[in-house]
Each structure stands twice: as structure tokens, then as C-alpha cells.
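In what follows, a single structure is set out as C-alpha cells and then discussed.
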Amino acid sequence: MLFSHALIPTSKEAPADATNASHVLLSRAGFIRRVGAGIYDFLPLGYRVLRKVQTIVREEMDRAGALEVLMPALLPAEYFKETGRWDLYGDVLLRLRDRKGGDYHLGPTHEEIVTDIARREIKSWRDLPKTLYQVQVKFRDEPRPRGGLLRGREFVMKDAYSFDADEKGAAESYERMRQAYVRIFDRLGLTYRMVQADSGAIGGSTSAEFQVLVGSGEDAIVACDDCDYAANVEAAEPASAAPPTTQPAGKPERVATPTQRTIDEVAAFLAIDKARTLKALLYVAKDGPRAKEVVMAVVRGDHALNEFALARALKTSEVLPATDADVERETKAKPGFAGPVGFDAARLFVDRDAAAVEGGVAGANETGFHLKDVWYARDFGGEVLSVRQVVAGDRCPRSGGKLESYKGIEAGHIFILGTKYSQPMGATFIDEKQQTRTLVMGCYGIGVSRLVATTIEQHHDDNGMRWPMSVAPYHVHLVTLGKDDALVAAARTLYDALEAAGVEVLWDDRDERPGVKFKDADLIGIPLRITLGAKGLAAGQVELKPRTEPDPKKAELIPLASAADVIAARVRAAMAVPAALARPSV
RNA sequence: CGGGGCGUAGCGCAGCCUGGUAGCGCACUCGGUUCGGGACCGAGGAGUCGGAGGUUCAAAUCCUCUCGCCCCGACCA
């Protein structure tokens with residue numbers, strides 16, 4: 001492609017609203033343009049990258065035996081009404097009416113639609129297993145789109161769905177998809193972790209997230225430095241201390257703490273370590289069997305409560321902090337003085353580490369007072385479980401290694417769904433014994449357009465993007481300096497030879513000053529840059545510099561005559577699918 | 001939805017407080033010089049000042065309503 005024929009509108013300035021590196025660079029390099037909130041055009045370079053990501057995803061899905069289909073994005077409401085998601089999905093669902101007043105929506109995900117295919121077309125155990133997938137535009141009316149392609153209202157997703165006869169088959173399908181995902185993420189050149197996730201709202205037993213490790217990521221994850229274990233902090237189970245086996249006789253001592261409400265204040269006032277204090281937090285279950293009940297969670301003062309863990313314990317979708325009025329009613333004290341002693345044990349949830357505190361300090365449930373020398377069992381009861389958040393430095397629950405913390409962007413998520421959709425929608429088959437059974441499902445998503453942005457978040461520097469060869473918009477960026485006939489002819493020969501060898505070349509043939517061309521080349525981030533100038537031509541040489549080499553003086557000089565062969569070999573080497581690296585498994 | 005903030009040329013912004021001439025940088029067009037890391041000189045084109053209503057002799061500027069957007073939180077690929 002000749003730069004002069006392309007549409008690559010680069011600029012020095014980014015839109016004011018762009019805060020993420022990927023958003024800034026995609027805009028500046030002319031890959032995308034904003035059309036509305038969370039809605040983007042893909043300009044030619046951006047679309048080339050998107051298509052390359054799609055191609056890798058498709059190749060690996062196909063290799064894993066999945067079958068590509070295309071379901072509609074415009075959907076009649078009846079399918080989501082069948083499973084209740086028409087109501088449950090809430091405002092995130094983009095709804096619309098047709099001219100006859102019928103309810104429709106744009107698809108945010110396709111469990112119902114694919115299950116409808118399955119219940120109509122999969123009749124027999126002989127049809128199983130089947131995995132269907134599609135690469136399609138999804139629509140979600142996000143509360144807050146942000147970060148350019150990182151979170152849009154319209155985005156490209158690969159969604160796959162497996163159908164099996166039983167749990168065992170579903171586990172096998174899940175494993176095949178897991179391996180396909182590992183290959184995909186490896187081929188994309190990403191550093192990532194497969195982490196244990198909270199499957200919460202979507203339901204299902206087994207689930208894993210593919211988290212791309214980036215400092216700017218929104219998700220907090222922990223990973224063991226010694227074994228495979230990695231988990232979203234929402235899902236991570238800390239390795240906790242065992243409760244003490246013996247306790248002294250006696251009872252807590254009431255101490256006046258007139259103005260000390262927070263853990264920090266109390267610990268400082270009493271000159272004790274925060275780890276010796278007990279933090280009592282009141283929450284209300286949003287729904288489920290214990291909906292609206294006010295419960296107390298107790299964690300060690302230096303720990304944070306994991307609200308997801310508490311929600312799991314209460315079998316609710318979400319827990320909400322109690323209001324000050326609730327706190328005062330339940331503890332007979334102003335906020336800041338709540339404690340477990342005397343609290344209804346049936347509504348008390350005590351973290352393992354809090355239960356292990358020997359002679360701790362807790363709120364007295366009396367405004368202005370705390371209790372010293374508080375022991376679990378002797379002084380208060382309640383269910384002991386893990387409800388605190390994991391922190392870096394915790395021991396790994398599996399190997400005992402040390403947990404490190406990372407930030408990540410969720411780029412893929414795989415689930416075993418069980419019969420959550422097949423059961424209510426009546427997706428059944430006839431087994432070998434002529435029994436009617438319900439299909440067991442799994443679902444597997446990859447944010448394809450998000451991956452474009454995520455790749456940049458992980459691969460960029462101050463000057464621009466640094467694409468991995470596998471998804472770069474072009475393999476090679478040929479920069480010619482000057483317009484004289486001999487130079488152009490030499491460049492043309494090289495260009496043709498590279499193209500003939502299957503190398504994708506962007507040739508900057510513009511009548512621009514060298515500085516402009518180099519700046520644009522760095523911004524666009526094509527992995528290999530070839531420079532051909534008058535001096536080089538006279539010496540019969542071209543310069544070859546990888547985008548990852550920051551020092552322009554370190555370009556490699558290659559004889560013009562063999563340049564096409566050398567460069568084509570480099571490109572092929574970089575495109576080779578890396579040997580399957582041992583990846584952490586959940 | 002809660003809390004902040006912004007809508008003025010394609011992009012980034014000033015002007016608004018204290019009403020009266022719509023401006024700067026980048027980009028764009030033309031001419032010239034320049035040419036290995038975002039050049040310089042000269043000339044030019046381009047704006048319903050988000051929209052509606054009001055106050056006023058006069059509104060980008062003051063008032064009311066409204067639409068859109070962004071940032072920080074709770075959710076997701």
C-alpha cells in the first residue's frame with residue numbers, strides 16, 4: 001500500500017476526552033474515529049488490525065472444532081422474555097420498537113438465540129457435542145462507555161456456545177475452548193493470566209477470565225509466584241490462619257473511645273496494631289433467600305471485606321452497605337462503634353483471620369466505647385468463613401507461595417453454564433436409552449475490538465504503538481527519503497519483491513520531510529521499518545529497524561540486493577505461532 | 001444513577017466574570033525557500049459560538065428550559 005493512496009489521518013493532538021494510551025494512539029494514528037459515545041468508526045488501518053485479530057480467533061475456533069454461524073443482532077424480545085433476561089438485563093439492553101409496536105432489542109450476547117438453534121436442530125445424542133460461534137457486533141447500553149475501544153456501546157465480540165450431553169462432556173468442551181484461548185492469546189503476543197473468576201450473576205459452576213496484564217487495567221488480580229494459581233480478587237480465597245484452640249477465661253474490658261470511630265483512630269488511640277482490631281461492617285442482601293436482612297461481617301482491622309464473598313455466603317446477587325439508620329437500629333450505637341459481641345450470631349459472618357485474633361479490640365455497640373480482649377467463641381459467635389479480600393503478600397491457597405498483585409483487562413471469559421438456558425428454553429435431546437435429557441451448555445467470549453485496544457495498552461511507548469507482527473496493520477513500513485527516479489525505482493523493486501514474498505508493506509512515498517515520516521512511522525507502530533535514502537542507495541544498503549528499538553542509530557544495514565529475502569524471513573519468523581507456553585490454569 | 005465538568009473552524013483551546021470588532025495554535029489551499037526525527041516565509045479558505053425561548057437598542061457573553069458529551073464511582077468482552 002502506498003501511503004499517498006491510503007487514508008491514514010495522523011495528528012499530533014488527540015481528542016480531549018482520550019485518557020487511555022490506546023484511545024489516544026488509536027485516534028492520533030488515524031485507526032478509529034469517534035461517532036458517538038462508545039461508538040467508533042474503524043478507519044483502514046484500524047480495520048486491518050481488527051480483521052487480523054478476528055482471523056486468529058477464527059483459525060483457533062475452527063481448529064478446536066467450533067462451527068461458525070451468524071446470528072442476528074436485531075432480536076425479537078420473545079427469546080429474552082423466555083429466560084427472564086428481558087427484565088433482568090435492565091437498562092444495558094438496547095430496546096426498540098418496530099412499526100407495529102413489537103418489542104425488539106439489539107443483542108448484547110446470544111445465549112437465548114443459540115439455545116433456540118440448538119433446541120430446533122439438535123435432536124439426538126448423535127448430534128453431540130457441538131460448539132457454535134460467531135464474530136459479531138454486540139450492543140450494550142453501558143452506564144459509562146470509556147477508553148475508546150476498551151468499553152463501547154457497540155463492540156465486536158466472538159461468542160461461542162457449547163452443547164453437550166452431560167457435565168463430563170461440557171467439561172471436555174470447556175477444556176477445548178480453554179486451550180484454543182491459550183493459543184489465541186499467545187498468537188496475539190499478549191502477556192496474560194488465566195484467572196479464577198466470580199461466576200456470580202451469569203451463573204454456572206466453572207469459569208475463568210483471560211486477563212491481559214496492564215498497569216492501566218481496571219481489574220485487580222492476584223497470582224502466585226510459585227504455582228499456577230491466579231484469581232480475580234473478587235473470587236480469590238485467601239489462605240487464612242486457624243482459630244486459636246484455647247482461650248483464657250474472663251470477659252472483654254470496656255474502654256472509652258469517645259471520638260475514635262475508624263480502625264486507624266482506634267488503633268492509634270489504644271496504641272495497638274490494626275491487625276489486633278476487629279472491623280464490623282453491616283450489609284443488606286439485595287435479593288435471594290435472605291433478602292433485606294441486615295447482617296454483620298467481621299474482618300481483621302487491616303483487611304478489607306470481599307463483598308462478593310459475602311454475597312456468595314448469603315446467596316444473593318449483591319450486598320449493599322447498610323444505611324446509618326440501619327446501623328444505629330441494629331447496634332444501638334452511632335456508626336463507628338459496631339462490634340460482634342452481643343450481635344445475633346445467626347446474622348454474623350466472621351472472617352477466618354478475624355476469628356483467629358487473640359484478644360482483639362472491637363466496637364462495643366455503644367456510642368463512645370470499644371471492647372478490649374475480645375475472643376471469638378468466648379465472646380461472640382457466628383459463621384466462620386473467608387470473607388476478606390486477598391492482598392499482595394498473602395500466601396497462595398494452593399501452594400503456599402506468595403501472591404503478587406496485578407492489574408488486568410478482561411479480554412476473554414469462559415464458563416460452563418450447565419442448564420441455565422437450556423432448561424427453561426426446553427433445549428433437549430434423546431439419549432442412547434431414548435430418554436429426553438437437557439443439553440448442558442458452556443459459553444465463551446472474547447472482546448475482539450477490545451483486544452485491539454488492549455494490545456496497544458500492553459505494547460506502546462511514548463512515540464506510539466508497537467504492534468506484534470501477528471496483528472500489525474502491515475508487516476513492514478518502507479520509508480523513502482527523497483523523490484529522485486533512481487531512489488523511487490529501487491524502492492519500487494524492493495516493494496514488489498516483498499509483496500511477492502507475501503510481506504505486507506506500507507510504503508511512505510509521500511512528499512514529506514523525513515521527520516514527519518519517521519514520527520508517523522513510530523506512531524503507527526508497524527514492527528519493522530525499512531529506510532531507503534540517497535546515501536543508502538549510493539552504498540547499496542537499506543536500514544532495517546524494529547519498532548521496539550528506541551535508538552534510531554541502531555538500525556541494521558542490509559545490502560539492497562538481499563533485503564527482500566532477509567526481511568521476508570524476519571517477518572515469517574515473527575509470525576510463527578509460538579510454542580505453546582505453559583500457562584497458568586485455574 | 002450519585003458526584004464533578006465541558007459544548008466557540010476538522011482537532012486542541014482563548015474570549016464569557018465586566019454584553020457592542022469571533023480570535024490563537026495545529027490541520028487544509030496557493031506561491032516560494034527548505035529536506036535523515038513533526039521546517040520557515042507570504043497569501044488564503046473555513047465557524048448555525050450545541051438547541052429553543054427570554055432580557056436588551058445590541059447576546060458567544062446575562063436569565064430559563066433543553067439536548068449532547070466527558071471525567072470519578074457501582075457493572076462487563
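In what follows, chains carry the letters A, B, and so on, assigned in the order in which the sequence lines appear, proteins first and then strands, with residues in each chain numbered from 1.
- The two residues A:K517 and A:D508 have their closest heavy-atom pair at NZ-O, 3.0 Å.
- Paired with A:R547 under the rule side-chain contact (heavy atoms from CB on, under 4.5 Å), one option of A:D461, A:I526, A:I524 passes, and it is A:D461.
- For A:H477 and A:W507, the gap between ring centers reaches or exceeds 6.0 Å.
- For A:K315, the NZ atom counts as loosely surrounded, since its 6.0 Å shell holds 12 or fewer non-hydrogen atoms of other residues, nucleotides or ligands.
- With a cut-off of 3.5 Å on both pairing distances, the Watson-Crick or G-U wobble partner of B:C24 is B:G12.
- Other residues, nucleotides and ligands contribute over 12 non-hydrogen atoms within 6.0 Å of the CG atom of A:D484.
- Distance check on atom P: B:C63 versus B:G7 gives 15 Å, rounded to whole Å.
- With a cut-off of 3.5 Å on both pairing distances, B:G47 has no Watson-Crick or G-U wobble partner at all.
- Comparing the P positions of B:G45 and B:C67 gives a spacing of 39 Å, expressed to the nearest Å.
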Between the protein and nucleotides 5-7 of chain B, which nitrogen or oxygen pairs come in under 3.5 angstrom?
none

So which protein N/O to nucleotides 66-70 of chain B N/O distances come out below 3.5 Å?
unit_1 : atom_1 : unit_2 : atom_2 : d
B:C69  : O3'    : A:R34  : NH1    : 3.1

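- A distance cut-off of 5.5 Å between ring centres, combined with a plane angle under 30°, places A:F155 in a stacking arrangement with the base of B:A77.
- Among all heavy-atom pairs drawn from A:R28 and A:A14, the shortest one is CG-CB, 3.8 Å.
- Under the Watson-Crick or G-U wobble criterion, with both distances below 3.5 Å, B:G37 is left unpaired in every strand shown.
- Pair check for B:C17 finds none; no Watson-Crick or G-U wobble contact set falls under 3.5 Å.
- Under the 30°/60° scheme for interplanar angles, the aromatic rings of A:Y181 and A:Y444 are found to stand perpendicular.
- B:C30 is paired with B:G42 under the criterion used here, namely a Watson-Crick or G-U wobble arrangement in which both key atom distances are under 3.5 Å.
- Nucleotide B:C1 has B:G73 as its partner under the Watson-Crick or G-U criteria, with both atom distances under 3.5 Å.
- The nearest whole Å value for the distance from the CG atom in A:L149 to the P atom in B:C76 is 21 Å.
- Spacing of C1' atoms, B:C41 relative to B:G36, comes out at 23 Å, to the nearest Å.
- Across all strands shown, B:U56 forms no Watson-Crick or G-U wobble pair with both distances under 3.5 Å.
- Comparing B:G68 with B:A27, their C1' atoms are spaced 25 Å from each other, to the whole Å.
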Check: protein-nucleotides 31-34 of chain B nitrogen or oxygen pairs below 3.5 Å:
unit_1 : atom_1 : unit_2 : atom_2 : d
B:U34  : O2     : A:R513 : NH1    : 2.9

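- Across every strand in view, B:C6 sits in a pair with B:G68 that passes the Watson-Crick or G-U test at under 3.5 angstrom.
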